[in-house]
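Notes for the one structure printed next.
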Amino acid sequence: MYRYDEFDHEVVQSRVKQFRGQVERRLSGAITEEQFRPLRLQNGLYLQLHAYMMRVAVPYGTLSSKQMRQLGMIADKYDRGYGHVTTRQNFQFNWPELTHVPDLLQDLADVEMHGFQTSGNCIRNVTSDPYAGATAEEIEDPRPTAELLRQWSTLHPEFAFLPRKFKIAVVASKTDRAVIRAHDIGIEVTANEKGEVGYHIIVGGGLGRTPIIGQTLRAFLPREELLPYLEATLRVYNRYGRRDNKYKARIKILVTETGIDAFREMVEAEYEALEPLDIAVSAQEVERISSYFAPPDFENLPEHCDAFQAKLISEKDFADWAGNNLAEHKVPGYSIVNVSLKPTDLAPGDITADQMRAVADMAEAYSFGEIRTTHQQNIVLPHVKKSDLYSLFEKLKEAKLHAGNIGLITDIICCPGMDFCALATARSIPVSQAIAQRFSDPARQRAIGEMQIKISGCINACGHHHVGHIGILGLEKAGVEFYQVKLGGDSSENAAVGKVTGPGFSQEELVDAIERLVDYYIDVRAEDERFIDSFKRLGMAPFKEALYAA
Amino acid sequence: MSTAKHKGKGPQSLTANELRGGASVWLDANMEWSRDFGDAFKTEDENHIEKMRAKGDADANENLVVGVYFIDIEPDSGLPVRYREKFRVKGPSYDTAEELGLNAKKAK
Ligand code: SF4
């Protein structure tokens with residue numbers, strides 16, 4: 001796993017000292033709120049609806065057990081004993097006090113963590129595939145590329161004040177588990193006909209008030225050209241991105257208004273003009289970074305595990321969980337374990353301090369100390385021996401982390417909404433809970449199959465509702481919340497933006513409407529057809545009719 | 001510097017967040033900040049409103065509170081008019097700490 005080098009270490013430590021001084025000056029009145037606000041945001045500290053909120057960066061969603069344990073300690077010491085996993089794989093704490101934040105940052109820094117790139121108009125924390133380094137589907141581990149981007153983008157002086165925030169995601173599999181087509185830049189590690197490994201660069205995707213699926217900027221970019229090419233792209237954006245209108249300032253608007261071909265020409269012209277290999281990274285450096293992500297010491301095991309198979313037969317709840325929450329590992333005898341943070345009675349993505357410590361213990365005992373966060377607001381233990389799966393399941397049960405609903409209708413993405421967020425127009429957590437409770441029967445969930453419901457509490461779309469199979473947007477009129485529904489969105493490699501069905505619903509109406517929709521789907525689906533596939537086959541009209549049939 | 005322009009209609013209250021802790025607060029009849037909206041002073045009297053504004057500005061300058069602003073109050077219910085402000089008054093309708101009794105556990 002990656003360890004920060006001396007340079008990173010120094011930067012993180014000195015930022016804590018710097019911020020401690022800034023907080024002292026703010027409290028003494030030496031600096032005003034206007035002066036302080038950008039400083040606290042640059043360290044991930046927001047002021048939300050009821051309190052401060054601290055966002056902690058989890059670069060490419062990779063955490064060590066030590067870091068997870070420290071997050072648990074922080075949740076207890078400075079917050080209310082829990083934290084929240086965001087749709088950008090970060091961690092949030094909802095209740096820290098400003099006076100405690102310097103100490104909180106020091107505790108983070110002690111485990112090489114911080115809040116850089118979690119706010120502001122900079123290149124945000126780079127996200128990636130939570131199965132990185134574990135899935136057989138990948139061409140290579142995408143994290144060395146993500147780490148290279150982290151090093152390049154952290155405190156990059158030229159890109160600290162972009163027209164708007166800038167999000168990058170990297171995957172190395174055809175299966176997209178990081179929604180790369182809804183990012184400002186999405187990167188897919190790919191191979192050309194000659195078998196050389198390079199990058200497919202996608203630009204101009206994004207959600208928010210103007211959802212757009214990204215387009216190909218370069219189908220194949222040689223590996224060593226990555227940083228110079230991105231530098232050229234960011235320069236074009238920095239120069240031509242609209243600073244006159246906050247709502248038109250993202251790169252997706254520039255690309256759409258310019259047209260992808262003309263935008264590409266601008267990037268290529270800028271790229272031509274760049275000092276040759278100015279910031280290109282040598283093969284040795286790539287090699288050095290990659291070595292930090294060297295696979296752990298996997299044992300030589302047979303693919304088949306008798307003990308695991310026997311438990312699948314004798315323990316039904318284990319079999320149900322395993323049938324849904326495991327993914328295939330590239331190494332024989334191992335599994336990727338998805339740990340759901342979506343029990344039907346708690347807020348999606350929330351995890352208590354006790355659970356953080358339990359996950360840290362489990363990672364140490366069963367997964368080489370490695371943990372991942374996912375944009376679906378769950379957790380992954382990437383490398384678990386099949387022979388350990390049953391013991392792990394028992395531990396998950398003790399920690400109440402054994403929901404077997406990954407990818408099912410109750411595995412809902414949900415932003416904090418009006419319960420916490422200062423920008424919200426309506427609540428989202430109670431809606432997700434009402435839906436989860438309506439479909440709480442695990443057998444029913446499995447019978448429905450893969451279904452992605454995504455809920456946002458405002459047009460900013462942090463809950464990814466545009467790309468939910470069922471997307472829900474919370475709005476408010478004259479003091480009453482209502483919920484607009486979108487259907488047919490897709491966050492996968494076949495990314496699509498859902499279409500609005502029609503008038504909104506109250507929360508009670510919404511849950512009934514979704515149930516009618518789901519029942520209709522069950523009636524009409526062809527064998528093994530997922531909801532999204534039935535929707536694509538039959539189109540909006542019949543589903544809309546079912547939704548409004550009351 | 002005026003942080004709290006009063007442009008609203010009907011009864012007004014003054015709200016802010018504590019600078020140090022971040023908690024939402026409302027100005028009470030004694031011109032003190034309270035974390036309980038029940039204590040909030042609600043008035044249409046322009047003289048009082050001017051006093052509140054001055055107090056808000058002064059306390060923002062004294063680094064006691066941050067983000068001071070007036071909110072409209074419904075005359076009948078005595079609650080804020082805006083939905084968002086109603087939420088600031090009530091606090092989250094769902095908080096994992098409340099749900100699981102984590103605060104109580106911590107206090108032990
Ligand atoms: S979508 Fe809106 S309500 Fe939800 S977290 Fe983002 S800004 Fe807040």
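Throughout, protein chains are lettered first and strands after them, A, B, ... in sequence-line order, and every chain is numbered starting at 1.
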* Check for a donor-acceptor pair, side chain of A/Q355 on one end and backbone N or O of A/A399 on the other, with a separation under 3.5 Å. => yes
* How are the rings of A/F19 and A/F36 set relative to one another: parallel (under 30°), tilted (30 to 60°) or perpendicular (over 60°)? -> parallel
* Residue selection (most heavy-atom pairs with chain A, distance under 4.5 Å) from B/N17, B/N63, B/V81 -> B/N63
* Could you look at A/L47 and say if it's the side chain, the backbone, both or neither that has a heavy atom under 4.5 Å from chain B? => side chain
* For the pair A/K342 and A/D411, find out whether any cationic side-chain nitrogen is under 4.0 Å from an anionic carboxylate oxygen. => yes
* Go through B/S24, B/A23, B/G22 and name the one with the most non-hydrogen pairs under 4.5 angstrom from chain A. => B/G22
* **Among A/D350, A/N94, A/D345, residue most engaged with chain B (heavy-atom pairs, under 4.5 Å)** => A/D350
* **A/I429 versus chain B, the contacting section by heavy-atom distance below 4.5 Å** => side chain
* **Electrostatic pair A/E476:B/R84 at N-O distance under 4.0 angstrom** => no
* Top contributor to chain A interface from B/V66, B/L64, B/L19 [non-hydrogen pairs under 4.5 Å] -> B/L19
* Asked: Measuring heavy-atom distances to chain B, does A/P416 have an atom under 4.5 Å in its side chain, in its backbone, in both, or in neither?
  -> neither
* Lys/Arg N to Asp/Glu carboxylate O, B/R53 vs B/E46, below 4.0 Å -> no
* Asked: Hey, which of A/H84, A/E33, A/M418 has the most heavy atom pairs under 4.5 Å with chain B?
  -> A/M418
* To do: Pick one of side chain, backbone, both or neither for A/T32, based on which atoms fall under 4.5 Å of a heavy atom in chain B.
  => neither
* Should the pair B/K90 and B/F87 be classed as cation-pi, given the thresholds of under 6.0 Å to the six-membered ring centre and 45° from the axis? -> yes
* Side chain, backbone, both or neither: which part of B/E18 has a heavy atom under 4.5 Å from chain A? -> backbone
* Asked: Cation over ring, A/R427 on B/Y94, under 6.0 Å and within 45°?
  -> no
* Asked: Out of A/A422, A/P96, A/A353, A/A424, which one racks up the most heavy-atom pairs below 4.5 Å with chain B?
  -> A/A422
* Asked: Does the pair A/K77/A/D103 count as a salt bridge with the N-to-O cut at 4.0 Å?
  -> no
